[in-house]
Amino acid sequence: MKKGQVYEATVERVDFPCKGIARTPEGIVTVGNSLPGQKIKLSVSKVRNGKAEGRLLEVMEKSPLETGSPCSHFGVCGGCTYLSLPYEEQLGIKEGQVKRLLDHCLEGQESEWQWEGIKGSPAVYGYRNKMEFSFGDEMKDGPLTLGMHKRGSFFDVVTVEDCRIVDQDFRLILKTVLEYFSRYRTPGRISYFHRMHHEGYLRHLLVRKASRTGEILVALVTTSQNPWGTAGSGGDMGAVCTGNAETMQSRGKDTGETWTESRLLDGFLEKLLELEREGRLKGKFAGILHIVNDSRADVVRSDRTDVLYGQDYFYEELLGLRFKVSVFSFFQTNTYSAEVLYETARSYIGELGSGETDGAPDKVVYDLYSGTGTIAQLMAAAAGKVIGVEIVEEAVLAARENAERNGLKNCRFIAGDVLKVLDEIAEKPDFIILDPPRDGIHQKALQKIISYGVERIVYISCKPTSLVRDLGVFLTSGYRVERAAAVDQFPWTGNTEVVCLLRKPR
């Protein structure tokens, strides 16, 4: 098998993450964005150490499992993978992916472990409470777009005004903002941030909506550059740009009308508030923000945040508790399924006591990578003290407020890197809960966690491959997996959460 060869093959299964396994006469090729049962045409893109990767050229025959997609963007947008399948089929694919990874990781474990399958999301459409939409164009020099990256592309952006994994408020806000900057904008064309040249104004639109309270937070993310570029630039369409980056003005050639960035943002704000005044939104705005981000990286971050309306946070409810969520706070993107996830984790923690009670009222629990403190507070009833550690200071401040608001006196939250903070905590843990970022736990931090020698650990992971890598270290250190379950936090996408209960025999 050589690079560039073209084959026709049938996809046998899909491994995590979205790697279709296709068998050719010369061997197996992994092909992204394919579905079990599809007959495809592929081109070999890489051969290394006897393993081949391919690029999908064409779906020649659909899978017998496919029933059609409710979204007009499916297949073009890079967001969803399994939207053309029945939900139960998608669950089965994800369960198989996680089980194969764990079986391979635990094949040397002598003690038996319990696989509890996959738990579906209570809401399969309109479930996301956070979206980061990008500004750009779908083709070079095309009209302004706002949405998700095109499948397989770093530069092209597809306007996803029909997206099914968010509710109608997200779609209406996206459409309104795009129309404002495209048609109702100003005398001059507003530039978007070009990722290659690092020039332009519009970057992202961040929308968060609390599923339980209906409160909405919107943030327009721009650079500090002139919205209209420079006079005579290719992006100029009927406007003369004057001044420098400080004044940032655009004057229409025909009308002579002068627009400033301040006026541009006022118009953006007014268009959004009209939606609420006219009763077109189901939810209500808690805050509308302008975030300035001059980073070269294609991420949403803040060099400066200005509140245009309301406040920079909203409130969400989860399993009977109330949480303050700020614009950059980590909070599970599927509130409905997060309750399933946390109830699963809480049931594992409930078994960590002496057996006489459901909890461990005299024990210290570490909640590492604690975000806004959701897990810590949900576990507070089962412990004497819960100590949360989170690197994002804003999230820690919110966690402290949340604990006070919920009347929890046994929760303490510390801002800092887990690797460094662990050395500063006097109380030693009896139990540890881990909910790290997608890339898993830093290996030095992992060794510190293992050195406590606690009997049981609950590991929550949003990336199964990172989980099994870290589990290998735990197994080498004497821990054993007792129970594990997958929870579908992200219907139709290639991602899923996994909860593992680890035990170190005494």
Side-chain angles (χ1 to χ4, degrees), residues 79-80 91 94 98 118-132 165-167 170 206-217 283 286 300 313-349 367-380 386 388-392 394-396 398-399 401-403 406 411 413 433-440 458-464 466-467 485-500:
C80 294
L91 285 180
K94 291 184 177 181
V98 176
I118 189 168
K119 302 180 181 183
S121 172
V124 298
Y125 297 113
Y127 63 84
R128 283 193 66 97
N129 57 38
K130 176 184 177 182
M131 288 294 281
E132 294 177 359
I165 62 175
V166 295
D167 72 13
F170 282 82
L206 172 62
V207 184
R208 304 190 76 156
K209 179 182 177 182
S211 301
R212 300 298 189 197
T213 67
E215 294 185 331
I216 302 170
L217 200 60
V300 177
Y313 60 88
F314 64 80
Y315 291 101
E316 178 62 302
E317 296 172 356
L318 196 67
L319 292 173
L321 298 179
R322 189 172 175 87
F323 296 93
K324 176 183 178 181
V325 182
S326 56
V327 64
F328 289 114
S329 294
F330 171 78
F331 196 85
Q332 292 287 352
T333 55
N334 182 344
T335 303
Y336 310 105
S337 190
E339 294 185 329
V340 177
L341 177 70
Y342 292 151
E343 283 179 329
T344 302
R346 191 160 63 178
S347 72
Y348 287 6
I349 282 290
D367 175 17
L368 304 182
Y369 314 96
S370 56
T372 51
T374 49
I375 296 177
Q377 294 173 65
L378 292 168
M379 304 302 172
V386 183
V389 180
E390 167 59 45
I391 197 169
V392 180
E394 181 184 14
V396 172
E401 291 183 35
N402 290 332
N406 290 316
C411 293
F413 296 98
I433 304 169
L434 304 169
D435 189 9
R438 286 184 58 79
D439 289 337
V458 171
Y459 192 136
I460 301 172
S461 172
C462 59
K463 188 178 181 182
S466 297
L467 169 67
V487 180
D488 189 20
Q489 282 277 92
F490 319 99
W492 314 119
T493 75
N495 300 310
T496 188
E497 295 264 350
V498 186
V499 188
C500 272

Next item on the list: Tell me, please, which residues at least two apart from S370 pass side chain to side chain donor-acceptor pair (under 3.5 Å).
Entry: none

Margin query: To the nearest 0.5 Å, what is the distance between CG on L321 and CG on N406?
Written below: 4.5 Å

Checklist line | Pair N402, T372: side-chain N/O donor-acceptor within cut-off below 3.5 Å | finding: no

Margin query: Looking at every non-hydrogen atom in both residues, tell me the closest pair between D435 and Y369 and how far apart they are.
Written below: O-CB, 3.2 Å

Check: So, for P491 and I165, which heavy atoms are closest and what is the spacing to 0.1 Å?
Finding: O-CG2, 4.2 Å

Item checked: salt bridge (Lys or Arg N to Asp or Glu O under 4.0 Å) partner of K324, chosen from E401, E215, E317 -> E401

Checklist line | Minimum heavy-atom distance A376-V386, with the two atoms named | finding: CB-CG1, 3.5 Å

Check: With sequence neighbours excluded, what pairs up with F328 under the ring pair (Phe, Tyr, Trp, His ring centres under 6.0 Å) test?
Finding: none

Notebook entry, point to check: Is any side-chain heavy atom of L206 closer than 4.5 Å to a side-chain heavy atom of K130?
Noted result: yes

Note to self: My understanding is that only residues two or more places apart in sequence, or in another chain, count here; which of them pass side chain to side chain donor-acceptor pair (under 3.5 Å) with E390?
What the structure shows: none

Item checked: Side-chain heavy atoms of F330 within contact of V392, under 4.5 Å -> no

Note to self: A side-chain contact here means heavy atoms from C-beta on lying under 4.5 Å apart; do V98 and I118 qualify?
What the structure shows: no

Next item on the list: Start with the C-alpha distance between V166 and V207, add both sets of side-chain angles, then the distance that settles side chain to side chain contact (heavy atoms under 4.5 Å, CB included), and finish with yes or no.
Entry: CA-CA 10 Å; V166 295; V207 184; over 6 Å; no

Item checked: Heavy-atom closest pair, residues P436 and Y459 -> CG-OH, 3.5 Å

Next item on the list: Answer whether the closest heavy-atom distance between the side chains of V327 and E394 falls below 4.5 Å.
Entry: yes

Note to self: So, using side chain to side chain donor-acceptor pair (under 3.5 Å) as the criterion, who are the partners of S461 when residues are at least two apart?
What the structure shows: none

Margin query: Distance check, rounded to the nearest 0.5 Å: M379 atom CE versus Y348 atom OH?
Written below: 11.5 Å

Next item on the list: Would you indicate whether the side-chain heavy atoms of F490 and N334 approach each other to under 4.5 Å?
Entry: no

Check: Within the side chain of Q377, is there an N or O that forms a donor-acceptor pair under 3.5 Å with the backbone of A403?
Finding: yes

Margin query: Does any part of the side chain of L341, heavy atoms only, come nearer than 4.5 Å to the side chain of Q332, both counted from C-beta?
Written below: yes

Margin query: By the definition side chain to side chain contact (heavy atoms under 4.5 Å, CB included), identify the one residue from F331, F314, Y313 that meets it with F323.
Written below: F331

Item checked: Residue pairs, two or more places apart or on separate chains, that pass salt bridge (Lys or Arg N to Asp or Glu O under 4.0 Å) and touch residues 329-343 -> R212-E339

Item checked: Pairwise distance CG(D367) to OG1(T374) - rounded to 0.5 angstrom -> 7.5 Å

Check: Is there a donor-acceptor contact under 3.5 Å from the side chain of T496 to the main chain of V487?
Finding: yes

Note to self: For a quick test of reading the model, state the closest non-hydrogen atom pair linking A399 to G371 and the distance between them.
What the structure shows: CB-O, 4.2 Å

Notebook entry, point to check: So, for K209 and G283, which heavy atoms are closest and what is the spacing to 0.1 Å?
Noted result: NZ-N, 4.1 Å

Note to self: Just so I know, are the side chains of R438 and N495 near enough to count as touching, which here means a heavy-atom distance under 4.5 Å?
What the structure shows: yes

Check: If you measure only the distance, is there a donor-acceptor pair under 3.5 Å linking the side chains of S337 and Y127?
Finding: no

Notebook entry, point to check: Which residues pass the ring pair (Phe, Tyr, Trp, His ring centres under 6.0 Å) test with Y125, sequence neighbours left out?
Noted result: W492

Next item on the list: Flag the pair N129 / V325 as yes when at least one side-chain heavy-atom distance between them is below 4.5 Å, and no otherwise.
Entry: no

Note to self: Checking E316 against T335: is there a side-chain donor and acceptor pair closer than 3.5 Å?
What the structure shows: yes

